[in-house]
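One structure is given here, and the rest of the page talks about it.
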Amino acid sequence: LHEEEIKRLFSDFLQRKSGIVGHGLKKIVRSLLWENYSPPNIYMDTQIAVYLLNPAEASYALPSLVTQYGERNFTIGEKTEEGQLDLDGGPQIAQMEAAQEALCASVLVEPLQRAIEEQNLMDLNNEIEIPLIIVLAEMEYLGIKVDLARLTGLRDELKNEVEEIRKIIHELAGEEFNINSPKQLQVVLFENLGLKPGKKTKTGYSTNAQTLEKMKDDHPVINHLLKYREVEKLRSTYGEGLLAVVGEGERIRATFHQTVTRTGRLSSDAPNLHNIPVRTDKGKVFREAFIAKEDWALLVADYNQIELRCIAHLSGDSGLIQAFEAGEDIHTSTAAQVFGVSPSAVSKAQRERAKMVSYGLIYGMEAWGLAQRLGIGNKEAASILNSYFGAFPSVKDYMESTVQIAKERGYTETLFGRRRRIPELSSPNAMTRSLGERQAMNAGIQGLAADIFKIALVNLNHKLKEKKMASRIVLQVHDEVILECPKEEISEAEEVTIEIMGSAFAMSVPLAVNISSGITWSEAK
DNA sequence: GCGATCACGTT
DNA sequence: GTACGTGATCGCG
């Protein structure tokens, strides 16, 4: 057989009507894309099927899954030691392992398919997760372009700055020590300088930013330490870290994991592109280093307040729904209802508090959590929470019934049927049980938002191809999607993106989408 | 080399 | 307060 003939036969196999099966297919799809194959027709990814059945699965190693989910008595041979692979075994061993993997996956298909059907996870699997494999594989394959000179410049600046602050700190401390070592820092602060310690950690006294913040007035070194931490974090994690993973075409290619989080969200690693700084001026400049290729631009679209909108939809709370329909600033609207004043009379402080409560709500916050956050007493926090629930009573009902149902069943379910077991709910430990309750409240909200966002990703990728557009998705950050577009295609891409994201799922509140474009990620914000 | 610990970036 | 991933240090083997 000629090579071309083999390629054609392989292509036909990948496109077969009945679809292909594999374990962790995204990686394979990515390899196929590098070899110029079209994305395959997927029937099942056993890894994803297991994830849907239990998003807390400890390991996705095939032999253990076969034992756990397979119905046949089935043992596979000794796994080859990694080190031997290249030495003597050669390609035969890799082929043998691939064959074993395929065999394991094939044994799993039927029982997994049945379990997926039994738990009503068919739609989630077939309409969302499986199509998403291709979208993510293409995103990973493309990667996002970075401005190498800019990134290097940032790294170098930070390096110099860290060095300067380091000298000052050693001067003020009166000794040389490793500032990166919390252990050494503790000795310097609490023993040698005699400062008063605050919070404790498992092994000693805390030196985290929150604690240091409170010690600001006790010694001039504290402010420099805080600065050092900020700059050193940026230098190491983002400066050095990102430079180390720049690949072909000056692009960074992260891996987006589909089977990691308990909630249905994606995670990103090598590098993690989900936590690129944005909060501080010093940090957010890194977003200027993420760019579009020559004559193209980045288009950034994100859902406005999607999780709070999910709460409004799930609870059916008329007040909250009304607040969103008004189309005004949501925190001002909620503050007006919570504090019983007209929106125009809402003070800055009131808006800020309402905002805190709204965010807290998403995380299943209780009174003491809010107190911590706002730096107020427990009583006052309870009273704010009370007025909030007074203004939005159905939200309170929803939270309570969510926890109740989760306790009865032992798991939560999103609107789309995504399940998550929460064993913490039956813990004998009260702290752990509270954690379980927060997890239960958060799971349905964050999970629904994740489901909606995944639908949008799948639909958007599909629409771009259908319209034969050159624009493509290059990055995803939980409720935000970044496209790289030829400049002349931008306005069309904006239209398409807003339409697709806005209509991903019909809720009792509108799905609002913010959109903008620019040469850099920062500019398109 | 590996895991635990601490700290910290995002949503 | 949810959910993650990474860098650095340090003690263990």
Side-chain angles (χ1 to χ4, degrees), chain A residues 55-56 162 177-186 199-213 225-226 228-242 244-245 254-280 282-284 286-287 302-303 305-308 310-311 356-374 381 385 399 402 412 420 422 424 431 434-450 453 475-480 521:
Chain A
V162 163
F177 66 102
N178 188 341
I179 308 170
N180 286 335
S181 164
K183 206 170 167 235
Q184 292 183 35
L185 182 57
Q186 278 173 58
K199 232 177 31 182
K200 285 216 240 181
T201 66
K202 213 181 275 186
T203 59
Y205 292 114
S206 173
T207 66
N208 69 19
Q210 209 194 339
T211 308
L212 292 181
E213 199 71 39
L225 281 172
L226 286 165
Y228 177 92
R229 282 267 177 77
E230 181 189 10
V231 178
E232 169 66 3
K233 174 81 179 180
L234 295 174
R235 181 200 66 82
S236 62
T237 304
Y238 302 103
E240 302 289 358
L242 290 176
V245 291
T255 302
F256 297 97
H257 295 279
Q258 214 175 341
T259 58
V260 165
T261 73
R262 312 305 205 235
T263 54
R265 271 190 175 180
L266 301 173
S267 79
S268 159
D269 77 358
N272 181 359
L273 293 181
H274 284 166
N275 68 344
I276 302 301
V278 68
R279 205 170 34 80
T280 65
K282 237 184 154 43
K284 69 179 169 199
F286 275 97
R287 296 188 174 218
D302 70 287
Y303 280 120
Q305 297 291 341
I306 189 168
E307 282 165 329
L308 204 49
C310 287
I311 292 178
M356 285 292 186
V357 180
S358 291
Y359 277 111
L361 214 55
I362 294 166
Y363 303 136
M365 178 187 56
E366 294 134 346
W368 70 264
L370 180 63
Q372 188 96 1
R373 200 70 179 158
L374 293 179
L385 211 52
M399 294 294 177
T402 298
T412 61
R420 172 184 177 182
I422 304 188
E424 286 85 351
M431 285 251 290
S434 291
L435 172 64
E437 290 172 5
R438 291 196 297 275
Q439 290 171 335
M441 290 186 262
N442 174 256
I445 301 160
Q446 192 178 113
L448 174 57
F453 187 75
L475 186 57
Q476 166 281 138
V477 192
H478 302 313
D479 62 358
E480 166 179 346
W521 188 2

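Side chains are part of it too, since the values below use all heavy atoms of this structure and drop only hydrogens, waters and symmetry mates. The structure presented is a predicted model; accordingly, all values stated were derived computationally and were not measured. Residue numbers begin at 1 in each chain, while the letters A, B, ... track the order of the sequences.
Taking the six-membered ring where the residue is Trp, His478(A) and His274(A) present tilted rings, their angle falling between 30° and 60°.
Using a 4.0 Å heavy-atom cutoff across all strands shown, Leu435(A) reaches sugar-phosphate atoms only and no base atom. Glu240(A) comes within 4.0 angstrom of nothing in the nucleic acid, heavy atoms only. Backbone-only contact: Ala270(A) has heavy atoms under 4.0 Å from sugar-phosphate atoms and none from a base. Within 4.0 Å (heavy atoms only), Gly364(A) reaches no atom of the nucleic acid at all.
Defined by atom type and a distance below 3.5 Å, a donor-acceptor pair is present between the side-chain atoms of Arg229(A) and Thr207(A).
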Tyr238(A) and Asn275(A): CA distance, side-chain angles, deciding distance, side-chain contact (heavy atoms from CB on, under 4.5 Å) verdict: CA-CA 10 Å; Tyr238(A) 302 103; Asn275(A) 68 344; 3.3 Å; yes
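Across all their heavy atoms, Arg262(A) and Ala56(A) have their closest contact at NE-CB, 3.8 Å. Across Arg287(A) and Ile276(A), no two heavy atoms sit closer than the pair NH2-O, 2.7 Å. Minimum interatomic distance between Thr261(A) and Gly264(A) (heavy atoms only, all atoms of both residues): OG1-N, 3.2 Å. Residues Met399(A) and Leu361(A) come closest through the heavy atom pair CE-O, 3.6 Å. Contact record, Ala254(A) with Leu273(A): CB-CD1, 3.8 Å, taken as the closest heavy-atom pair.
Interface limits on DNA chain C: the 5'-most and 3'-most nucleotides within less than 4.0 Å of chain A heavy atoms are dG1(C) to dG11(C).
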Per-nucleotide protein contact string for nucleotides 5-11 of chain B (B base, S sugar-phosphate only, - none; heavy atom under 4.0 Å): SSSBBSB
